[in-house]
Amino acid sequence: MLATGVVATPAGAAPQPGAVTLSAQERARDFWTPERMRQATGLDVLSVDRSATAASQPRKGEKTVIRPSVPASDAGVRAIPHSGGPWTAGGAVARTAGRVFFTYQGRTASCSGNAVTSANKSTVITAGHCVKLEGAWHTNWVFVPGYHDGQAPYGTWTASKTLSTPQWTASEDINYDIGAAVVSPLDGKRLTDVVGGQGLAFNTGYNKAMYAFGFPAAAPYDGEKFIYCSGTTYRDFLLSGDHGLTCNMTGGSSGGPWFTQFDESTGAGLQSSVNSFKYNFLPNAMYGPYFGADAQNLYQAAQSS
């Protein structure tokens with residue numbers, strides 16, 4: 001796994017996120033053939049050890065909920081807890097969630113991401129380290145909702161812009177490991193007009209029943225299956241202010257969505273975190289950042305781009 005402290009070394013004069021030219025987007029779409037997608041290496045879930053320096057705590061704000069732009073009902077939570085296995089129930093999440101592919105340090109890599117309800121109908125939420133890591137912004141960035149077996153049933157969507165929280169951008173602070181991408185229209189259509197958009201929830205507290213999803217690509221997984229975990233989360237009692245969840249997902253699942261108020265009958269919920277990191281001495285626990293004021297600001301910046 002990629003070794004990192006809870007507070008990483010400052011990135012210094014790292015390039016700022018910005019617009020991706022149309023020609024670069026075209027090259028990215030052409031670059032990601034089905035074969036390259038199958039061969040992409042899952043970017044490791046960040047690993048933290050006991051010697052890491054404690055991070056700053058996430059800033060809180062007022063509770064805010066954005067409802068899904070997909071059908072929802074009050075069926076409630078079922079089949080909880082689950083420490084990791086294939087999601088076979090279908091529903092909205094099987095369309096809104098997908099694999100993220102990009103070039104990182106000269107190699108083809110993958111993460112996970114999710115389409116959310118947004119003003120521009122083009123916003124994807126993922127982890128901060130899935131858009132920028134070790135001071136460098138990833139290139140050839142695309143989102144493939146509903147990915148399976150090298151196939152892109154809803155198309156390959158290229159990023160026109162990637163961005164992250166100020167704290168991740170400046171110093172890769174694990175408490176703010178949240179990223180976003182604005183994707184360009186495809187065949188004249190916008191992303192959530194094609195796949196729908198999940199809702200979001202900010203500043204809603206800890207100790208929640210949640211479902212986490214992703215496309216883990218490191219053993220025992222291979223990136224070709226859509227995996228989920230579920231359970232009641234807890235606040236990290238060690239070094240971060242993150243949510244914790246029993247979950248055995250591996251590299252490639254980073255950036256996959258965590259939902260509160262998730263309805264198995266429709267596959268819709270409120271995105272409240274993303275797969276972010278594991279402690280190297282707790283391999284069966286996944287941690288995801290608290291969606292507080294800065295996560296909400298990132299979402300606003302993305303949806304207004």
Side-chain angles (χ1 to χ4, degrees), residues 65-100 110-118 121-127 130 143-149 151-155 157 178-181 183 190-201 204 208-217 221 223-233 243 245 247-249 252-276 286 288 291 299:
V65 170
I66 293 93
R67 292 294 170 188
S69 51
V70 293
S73 72
D74 296 321
V77 175
R78 301 190 300 278
I80 212 170
H82 198 294
S83 63
W87 176 256
T88 58
V93 70
R95 300 188 304 273
T96 64
R99 287 186 83 179
V100 169
S110 72
C111 276
S112 303
N114 183 59
V116 295
T117 298
S118 55
K121 298 186 176 183
S122 302
T123 296
V124 176
I125 299 296
T126 185
C130 295
F143 175 60
V144 183
Y147 173 91
H148 64 87
D149 304 311
Q151 302 302 307
Y154 305 106
W157 301 75
I178 310 162
V183 296
R190 291 183 288 181
L191 176 63
T192 60
D193 285 334
V194 176
V195 301
Q198 296 285 357
L200 299 105
T204 53
K208 303 285 185 179
M210 287 197 193
Y211 285 66
F213 293 86
F215 289 84
Y221 302 108
E224 300 302 314
K225 294 181 177 63
F226 189 38
I227 304 298
Y228 85 104
C229 299
S230 63
T232 299
T233 62
H243 302 284
L245 177 68
C247 185
N248 68 7
M249 281 196 275
S253 65
S254 292
W258 292 31
F259 297 103
T260 52
Q261 297 184 32
F262 184 79
D263 182 356
E264 284 194 346
S265 69
T266 63
L270 304 178
Q271 184 164 355
S272 303
S273 190
V274 296
N275 296 317
S276 173
M286 180 74 78
F291 272 22
Y299 165 69

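Please read these numbers as outputs of a predicted model, since none were measured by experiment.
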Check your understanding: To the nearest 0.5 Å, how far apart are NE2 in H243 and CE in M210?
Key -> 4.0 Å
Contacts table for residues 111-118: side-chain donor-acceptor under 3.5 angstrom, sequence neighbours left out:
| from | atom 1 | to | atom 2 | distance (Å) |
| --- | --- | --- | --- | --- |
| S112 | OG | F215 | N | 3.0 |
| S112 | OG | G252 | O | 2.8 |
| N114 | OD1 | T96 | OG1 | 2.8 |
| N114 | OD1 | A97 | N | 3.4 |
| N114 | ND2 | Q271 | OE1 | 2.9 |
| T117 | OG1 | R67 | O | 3.4 |
| T117 | OG1 | S69 | N | 2.9 |
| T117 | OG1 | S69 | OG | 2.9 |
| T117 | OG1 | G197 | O | 3.1 |
| T117 | OG1 | Q198 | O | 3.3 |
| S118 | OG | V116 | O | 3.4 |
| S118 | OG | N120 | OD1 | 3.0 |
| S118 | OG | K121 | N | 3.2 |
| S118 | OG | S122 | N | 3.4 |

Exercise for review: Kindly indicate whether the side chain of I227, heavy atoms from C-beta on, has any atom under 4.5 Å from the side chain of P86.
Suggested key: yes
Point to revise | Shortest non-hydrogen separation from L270 to I66 and the atoms involved | key: CD2-O, 3.6 Å
Review point. Any side-chain heavy-atom pair from L191 and P145 closer than 4.5 angstrom?
Key: yes
Practice item. For residues S254 and A127, report the shortest heavy-atom separation together with the two atoms involved. Key: C-CB, 4.4 Å
**Study point:** Over all atoms of both residues, closest heavy-atom pair of S272 and A201
**Key:** OG-CB, 3.7 Å
Check your understanding: Do any N or O atoms from the side chain of D263 and from the backbone of S265 form a donor-acceptor pair under 3.5 angstrom?
Key -> yes
Exercise for review: Please identify each residue that fulfils ring pair (Phe, Tyr, Trp, His ring centres under 6.0 Å) with Y299, with sequence neighbours left out.
Suggested key: F202
Review point. Could you walk me through whether F291 and T260 pass the side chain to side chain contact (heavy atoms under 4.5 Å, CB included) check?
Key: CA-CA 12 Å; F291 272 22; T260 52; over 6 Å; no
Review point. Considering all heavy atoms of both residues, which atom of S273 and which atom of G288 are nearest to each other, and what is their separation?
Key: OG-C, 3.0 Å
Exercise for review: Look only at the side chain of R95 and the backbone of G196, and say whether a donor-acceptor pair between them is shorter than 3.5 Å.
Suggested key: no
Review point. What class does the angle between the rings of W87 and F213 fall in, given that below 30° is parallel, 30 to 60° is tilted and above 60° is perpendicular?
Key: perpendicular
Check your understanding: Any side-chain heavy atom of W157 within less than 4.5 Å of one from V194?
Key -> yes
Review point. What pair of heavy atoms forms the shortest contact from S110 to R99, and how long is it?
Key: OG-NH2, 2.8 Å
Check your understanding: Which heavy-atom pair separates G214 from F226 by the least distance, and what is that distance?
Key -> O-CD1, 3.6 Å
Practice item. Could you please spell out the steps behind the side chain to side chain contact (heavy atoms under 4.5 Å, CB included) verdict for L245 and Y211? Key: CA-CA 9 Å; L245 177 68; Y211 285 66; over 6 Å; no
Check your understanding: So, do V93 and Y228 sit near enough that their side-chain heavy atoms are less than 4.5 Å apart?
Key -> no
